[in-house]
Amino acid sequence: MLIVIQHKQGTLSSVKNMDNVELVFLGTGGGRFATITQKRRTGGIRLISKTLNIHVDPGPGALIYSLEAGLNPQKIKAVLISHRHPDHYSNAEILVEAMTKGMLKKRGIVAAPSNILLGNKETGPAISTYHQQMIEQTITLKPGSNFEVGNTNIVSTQTRHTDPETVGFRFQIPEIGDIGYTADTEYFEGIENEYKGVRILIISVMRPLGSPWTGHMTPKEAIKIVDAVKPEMAVATHFGMKMIYSGPNYEIKHIEEKTGVPTIAAFDGMRLRIGEKIRIGKTKRNNQGSMEDFVKR
Ligand SMILES: [Zn+2]
Ligand SMILES: [Zn+2]
């Protein structure tokens with residue numbers, strides 16, 4: 001499968017060295033039952049370029065599907081966690097072990113809200129202090145926080161979710177422009193302002209049409225955001241059980257129909273290669289190649 005979306009002329013006139021950022025969807029499921037059953041995987045998203053190797057939201061399966069896709073977790077430079085729900089953080093410690101070369105080298109960045117790093121009244125930290133002491137830089141996120149990973153500025157965006165500390169992300173990548181990720185949120189007035197000007201908007205659409213749920217979106221609310229932001233491409237992900245049974249391709253089609261913005265329902269193992277054009281490809285299972293090949297990635 002190959003879909004190519006042409007970059008709008010003139011909006012990124014200073015961009016050089018295009019075609020070198022890749023997003024790999026190691027999971028497209030969300031919510032308790034999609035996670036428990038693994039009807040869709042919940043490994044999160046890997047963002048890779050020559051200078052970046054970031055894992056976003058390492059839910060259950062992050063380690064396994066990373067290895068299966070041939071993406072060496074020891075190359076990760078930063079782990080970003082949007083909030084303290086298990087489909088977003090469960091594999092964080094094991095990725096920290098990979099990132100720190102088996103806890104032997106103080107290395108890498110973990111950026112997450114305070115309830116992940118410190119815990120709160122109801123919870124302890126989601127990453128142990130033992131693991132945190134080997135992370136080179138821990139960053140506590142709030143909406144509006146700015147931090148850098150390699151050459152990329154990352155802004156934490158606002159959400160409205162059942163975990164009130166949840167943040168989304170806006171990646172400002174010099175080579176290719178901006179990518180937005182809403183994380184888990186319901187629609188609220190002004191959410192579109194967080195993502196104006198992004199080329200790709202990754203949007204969590206957990207529920208099907210006619211089945212709204214507090215803290216989440218159906219295609220109806222996603223349409224409002226996509227229509228206001230008008231990215232080059234919208235990518236819907238984080239499908240819950242009801243959405244999976246209704247059929248994400250069918251449900252997500254409404255977003256493109258109403259907004260005119262090319263919109264896809266992400267699938268497990270999907271790769272988006274982003275340069276001047278956006279190409280959609282598929283990860284081959286057990287794509288590890290030779291051991292030598294694997295170590296180089
Ligand atoms: Zn979730
Ligand atoms: Zn959540």
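None of these values were measured; they are calculated from a predicted model.
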Open item on the list: Between L117 and V110, does the side-chain contact (heavy atoms from CB on, under 4.5 Å) criterion hold? Intermediate values first, please.
Closed with: CA-CA 9 Å; L117 299 171; V110 169; 4.3 Å; yes
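- Between the side chain of Q132 and the backbone N or O of I127 there is at least one donor-acceptor pair closer than 3.5 Å.
- If you take CD1 on I223 and CE on M217, they are separated by 11.5 Å, rounding to the nearest 0.5 Å.
- Interatomic distance, Y181 OH to Y195 OH, rounded to the nearest 0.5 Å: 9.5 Å.
- Counting only heavy atoms from C-beta outward, the side chains of E251 and K253 never approach each other to under 4.5 Å.
- Between D87 and G31, the closest heavy-atom pair is OD2-N, 3.0 Å.
- Side-chain N or O atoms of T37 include one that pairs as donor or acceptor with a backbone N or O of F33 at under 3.5 Å.
- You'll find the side chain of L23 reaches within 4.5 Å of the side chain of I274, heavy atoms only.
- With rounding to the nearest 0.5 angstrom, the CZ atom of F169 is 5.5 Å from the CZ atom of F147.
- Checking T218 against E221 by side-chain atom types alone, a donor-acceptor pair falls below 3.5 Å.
- Judged by distance alone, the side chain of E194 and the main-chain N or O of T157 form no donor-acceptor pair under 3.5 Å.
- Each of H88, H85, H216 was checked for a ring-ring contact (aromatic ring centres under 6.0 Å, His included) with H238, and the lone residue meeting it is H88.
- Between the CD atom of Q133 and the CE atom of M103 there is a distance of 5.5 Å, given to the nearest 0.5 Å.
- Annotation: side-chain hydrogen bond (donor to acceptor under 3.5 Å, both in side chains) contacts involving residues 97-109, sequence neighbours excluded, comprise E97-H131.
- R46 has its side chain within reach of S66: a pair of non-hydrogen atoms, C-beta onward, lies under 4.5 Å apart.
- No side-chain heavy atom of P231 sits less than 4.5 Å from a side-chain heavy atom of I200.
- In this structure, T123 contributes its side chain and G119 its backbone to no donor-acceptor pair below 3.5 Å.
- Pairs of residues two or more places apart, or lying in two chains, never qualify as side-chain hydrogen bond (donor to acceptor under 3.5 Å, both in side chains) while including a residue from residues 256-265.
- Distance check: S90 OG to L63 CG gives 12.5 Å after rounding to the nearest 0.5 Å.
- Here the side chains of K242 and P208 are in contact, with some heavy-atom distance below 4.5 Å.
- Closest approach of T159 and V167 over heavy atoms only: CG2-C, 3.7 Å.
- Heavy atoms only, all atoms of each residue included: I76 and M99 are closest at O-CG, 3.0 Å.
- Side-chain contact check for E175 and N151: at least one donor-acceptor pair (N or O, by modelled atom type) lies under 3.5 Å.
- Checked by atom type and distance alone, the side chain of Q38 pairs as donor or acceptor with a backbone atom of T35 at under 3.5 Å.
- Within 6.0 Å of atom CZ in F188, more than 12 heavy atoms from other residues, nucleotides or ligands are found, so the atom counts as buried in its surroundings.
- Minimum heavy-atom separation, F267 to R40: CA-NH1, 3.6 Å.
- The number of heavy-atom neighbours closer than 6.0 Å to CG of L209, taken from other residues, nucleotides and ligands shown, is above 12.
- E68 has a carboxylate O that lies under 4.0 Å from a charged side-chain N of R41, or vice versa, which qualifies the two as a salt bridge.
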Open item on the list: I'd like to know whether T28 forms a side-chain hydrogen bond (donor to acceptor under 3.5 Å, both in side chains) with D268, so could you lay out the CA-CA distance, the side-chain angles of the two residues, the decisive distance to 0.1 Å, and finally the verdict.
Closed with: CA-CA 6 Å; T28 57; D268 291 341; 2.6 Å; yes
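- A donor-acceptor distance shorter than 3.5 angstrom exists from the side chain of N91 to the backbone of A62, with no hydrogens or angles considered.
- Side-chain contact annotation: S82 with D57, donor-acceptor N/O pair under 3.5 Å present.
- Considering every non-hydrogen atom in both S204 and A183, the closest pair reads OG-O, 3.1 Å.
- When all heavy atoms are compared, the tightest approach of G108 to I135 is O-CG2, 3.5 Å.
- Side-chain contact between P113 and R84 is absent, with no heavy atoms from C-beta onward closer than 4.5 Å.
- With H83 as the partner, the side-chain hydrogen bond (donor to acceptor under 3.5 Å, both in side chains) test is satisfied by one option alone out of D163, D184, T185: D184.
- Taking a cutoff of 4.0 Å between a charged side-chain nitrogen and a carboxylate oxygen, R160 and E186 do not qualify as a salt bridge.
- T283 and R271 share a side-chain donor-acceptor pair at under 3.5 Å.
- Annotation: side chain of I191 is not in contact with side chain of Q158 (no heavy-atom distance under 4.5 Å).
- Contact check for V205 versus I252: side-chain heavy atoms found under the 4.5 Å cut-off.
- For the side-chain hydrogen bond (donor to acceptor under 3.5 Å, both in side chains) condition, the pairs that include at least one residue of residues 134-149, sequence neighbours left out, are N146-N153.
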